[in-house]
Amino acid sequence: MEVENDLMAVRLEKLKELQGEGVDPYGGRFERTHTTTAVHRHFEELEGQEIALAGRIMAIRGHGKASFADLQDRDGRLQLYVRIDNVGAETYGLFRRLDIGDIIGVKGRVFRTHRGEISLEVYQLTLLCKSLRPLPEKWHGLKDVDLRYRQRYLDLIVNPEVKQVFIIRAKVLRAVRSFLDGRGFLEVETPSMHTIPGGAAARPFITHHNALDIDLYLRIALELHLKRLLVGGLEKVYEMGRIFRNEGISTKHNPEFTMIELYQAYADYEDMMNLLEEMVAYVAREAVGSTTVTYQGEELDLTPPWPRLTMFAAIEKYTGIDFSLITTREEAGRAAAELGVEIEPGMDWGKIVNEVFETKVEPHLKQPTFILDYPVAISPLAKRKKENPELTYRFEAFIAGRELANAFSELNDPLDQRRRFELQMAARAAGDEEAHMLDEDFLRALEYGMPPAGGMGIGIDRLVMILTDATSIRDVILFPTMRPREE
RNA sequence: GAGCCAUUAGCUCAGCAGGUAGAGCACCUGACUUUUAAUCAGGGUGUCCGGGGUUCGACUCCCCGAUGGCUCACCA
C-alpha cells in the first residue's frame, strides 16, 4: 500500500499500536439489535433499554474522560456517549485512538441527553474495521463530481441524499415489476450478446467469443427476442435489462443503461398509452409517494390521462405549419429551412419531419405528453397506419422535454418487415452505421405468424431522473462509465 | 468531435501587476465527565493536474497534453 499522506501514516501507526496490544482491528461478526433510525423512531419504548448497534464513526467530540461520537449506519445516525466510568480505562483508551471512518460495534443503554439528543450510553465497544484513509470533510461533503462518480463509495458515505436516490431507484424497479406482474405479464431474460444487434438504430459494442471464434454484439435493444416470444405464444412478456450503445456520453446518455420493454399480444398502441400512464403514476406513488413531482423547479403532473397529440398537430401547434399538407421531400425541406431547421442532403420526407419535431417541439413538452403517428421512414418495426401508409401506429411519450418511452403497434407482416429491413440495409450500405441490420431468423419467426401486438420501451434511468430531480443520468447510475484515470 | 470553464493541503475553497502559498474542517500535542459544525492553547502536513516555453525568477503569462463539468454536435 502506498502511504499517500501524513494522515494515512498516522492511521497506520495507530493500527500497529492496537495490534500490538492484542486488539483485532478487523473484527468479525457482530450481532446488532437495532439500527439508528429504529432508535430514533421507537425512542419511547427503547429508553433505558440495552441495545447493540454497528456502523461507521462520522464525528468525534472528545471531552477528556467522556466523549461523544456520531455513529452512521444504513439508515441514519445516532450519537454515542462514551464515558470512562462506563467502559473502563482500557476501552476508553481504545476509543480515544479511533478515527473518523472507523467501523465499530457498540452495546449500551438508550437515553436522552440534557440537550435533548437521543443517544446511546455505551458500555461495550468493539473495533470492527480500522479505516486507513481520511474521509472528506464533514460539513461540505464530497463535491468534486469526478471523485463522486469514480469513488461512489465515498459519495455514499458522506452525502446522505445520494443513498436516497438509489433507494428510490430500487423502489422504481420493484414497482414496475409488481405493476406488470399484477397484469399477467411474464418477466423473461433474453441474451445480452447478440449475433445481430437489432431492434434499434445504434452503434453496438463488439466482443469476441473464443471457443466459437465469432464476434458477438452487446444488445442495443430487447425488441426482437421479445417479439420471438410472442410468436412462441407467451403473449404478455417484459424484460428489464441493461442495454449497451457505443455512442457519446452526456448528461442524458450513459453507454450502458436500463430499459424495460414489454409486449402484449392482441393489443395496440392505444393500449400501450393507457398502460404507460397508469404505470408511471403507480410507480411514482410507490417510489416517491405522489403523482406530482418537482423537476428542476417545475411542477410535473404525472396523473393520467396525459394529452395525446399527433406529430403533425404538435408541429403545427409550435410552428404553425401543417406537414400533413406537405407530401414531397422538396416541400418539406423548404418548410424546414424556413423554420431554421438544418436539413442534411440525404434526409427523406420522414426524417425531415422528425427533425423539425425534435428541434421545434420536443423542448416544449414538459408535462407528460404522447406524440402519435411517426413517419414510417424512422419506424422500421412499427405497423403502418391504415389511413396513411407513410405514417405508423407509433408514439413516444415525453416528460420534461425528453423522450421517456417509445411504443407502437408491432409490425407483424413479414413481407413488409423484410422490405423495411432491406431499405435499412441500403441506408447502411450508403454509410448510415446506425441503420438496422437484417435479422433473418426474426423474419423467419414472423413468417410463422406473430399475433398483432402492442409493444413499448421505457428508459428506466430517465424515469428515475424525473422522480429524483436529477439533472444528469450519472446521478442515477451508481458507477457511471468514466474514462480510466492513470494511477 | 467542437467551444467555454475548472484542476492549489486528505476534503471544501481563497490567493498572486510574475518574487517559491493561505483559511476552515480533518490531523498531531495538551486541557476538559452531557457535547453536537463542542470549546480552549499550540503545530501547516503542499508534485499549486502533467510537460515544454518566456523570464533573473512561473501556482500566476504562452504553447502542448491529461481528467472532469457545462453547452452544442452525435444519440432516427
Side-chain angles (χ1 to χ4, degrees), chain A residues 3-11 13-14 58-70 77-87 92 97 99-101 111-119 121 131-151 154-155 157-159 200-203 220 243 245-255 257 342 344 346-348 350-355 357-359 374-382 394 396 402-403 406 424 427 432-436 459 471-474 480 482-486:
Chain A
V3 181
E4 290 169 22
N5 53 63
D6 290 359
L7 301 179
M8 287 180 68
V10 167
R11 286 172 179 231
E13 200 48 49
K14 288 182 184 173
M58 296 304 290
I60 300 172
R61 295 177 290 282
H63 289 263
K65 296 190 174 62
S67 299
F68 295 90
D70 294 336
R77 283 191 186 191
L78 189 80
Q79 176 170 268
L80 306 179
Y81 177 49
V82 185
R83 220 164 101 127
I84 193 164
D85 299 350
N86 289 331
V87 297
Y92 199 74
R97 278 172 292 170
D99 288 298
I100 289 171
F111 79 114
R112 199 192 277 276
T113 65
H114 293 165
R115 294 291 184 91
E117 172 117 4
I118 293 170
S119 306
E121 184 173 22
S131 166
L132 298 179
R133 289 177 181 268
L135 287 177
E137 200 231 2
K138 63 180 173 185
W139 196 242
H140 298 93
L142 184 65
K143 288 199 169 156
D144 186 325
V145 282
D146 190 20
L147 292 181
R148 287 187 47 223
Y149 297 144
R150 287 182 198 277
Q151 294 180 266
L154 276 185
D155 194 27
I157 291 170
V158 301
N159 297 327
R203 252 181 286 183
I220 57 174
I243 302 289
R245 294 188 182 174
N246 205 341
E247 288 162 355
I249 296 178
S250 77
T251 48
K252 293 161 201 73
H253 302 85
N254 195 61
F257 59 101
E342 281 185 44
E344 281 169 41
M347 287 180 157
D348 57 24
K351 288 201 170 177
I352 292 170
V353 173
N354 188 56
E355 190 66 28
F357 171 76
E358 286 188 355
T359 52
Y374 279 64
V376 70
I378 55 166
S379 313
L381 301 165
R394 171 182 174 190
E396 291 191 346
R402 290 203 280 267
E403 179 193 340
N406 177 25
Q424 290 288 317
D432 182 354
E433 281 185 64
E434 279 146 10
H436 289 243
T471 51
S472 170
I473 195 169
R474 295 176 159 199
M482 302 287 280
R483 196 187 293 271
R485 221 162 37 166
E486 289 172 42

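Basis for what follows: all heavy atoms, side chains included, without hydrogens, waters or symmetry-related copies. Predicted model only: the values in this text are computed from it and were never measured.
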Base, sugar-phosphate, or nothing for [X], non-hydrogen atoms under 4.0 angstrom?
X      : result
A:E355 : nothing
A:P380 : base
A:Y92  : nothing
A:D85  : base
A:M482 : sugar-phosphate
A:L7   : base

Do NZ/NE/NH1/NH2 and the carboxylate oxygens of A:R61 and A:D70 come within less than 4.0 Å?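 Yes, this pair counts.
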
For the pair A:H436 and A:L381, evaluate side chain to side chain contact (heavy atoms under 4.5 Å, CB included) and give the outcome as yes or no after the intermediate values. CA-CA 10 Å; A:H436 289 243; A:L381 301 165; 3.9 Å; yes

Give the rounded distance in Å between these two atoms: [atom1] of [X] and [atom2] of [N].
X      : N     : atom1 : atom2 : answer
A:M58  : B:C11 : CE    : P     : 15 Å
A:I157 : B:G10 : CD1   : C1'   : 14 Å
A:I249 : B:C70 : CD1   : C1'   : 15 Å
A:L80  : B:U34 : CG    : P     : 16 Å

Check whether any side-chain N or O of [X] sits under 4.0 Å from OP1 or OP2 of [N], and answer yes or no.
X      : N     : result
A:K138 : B:C27 : no
A:R115 : B:U36 : yes
A:R61  : B:U35 : no
A:R83  : B:U34 : no

Under the 3.5 Å Watson-Crick or G-U criterion, the dot-bracket string of RNA chain B, with | for inter-strand pairs: (((((((..((((.....[..))))((((((.......))))).)...(((((..]....))))))))))))....

Does A:E117 make a side-chain donor-acceptor contact with the base of B:U35, cut-off 3.5 Å?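 Looking at the base of B:U35, it does not pair with any donor or acceptor on the side chain of A:E117 (distance under 3.5 Å).
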
Has the side chain of A:D146 got a donor or acceptor that lies under 3.5 Å from a partner of the other kind on the base of B:U67?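 No.
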
Side chain of A:R150 (C-beta onward), nearest among B:U67, B:U33, B:U71: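 The listed nucleotide nearest to A:R150's side chain is B:U67.
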
Syn or anti for B:U71 (syn when the glycosidic angle lies within 90° of 0):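 Anti conformation here, the glycosidic angle of B:U71 being more than 90° from 0.
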
Euclidean distance for C1', B:C61 against B:C16 (whole angstrom):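 Looking at atom C1' only, B:C61 and B:C16 are 12 Å apart.
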
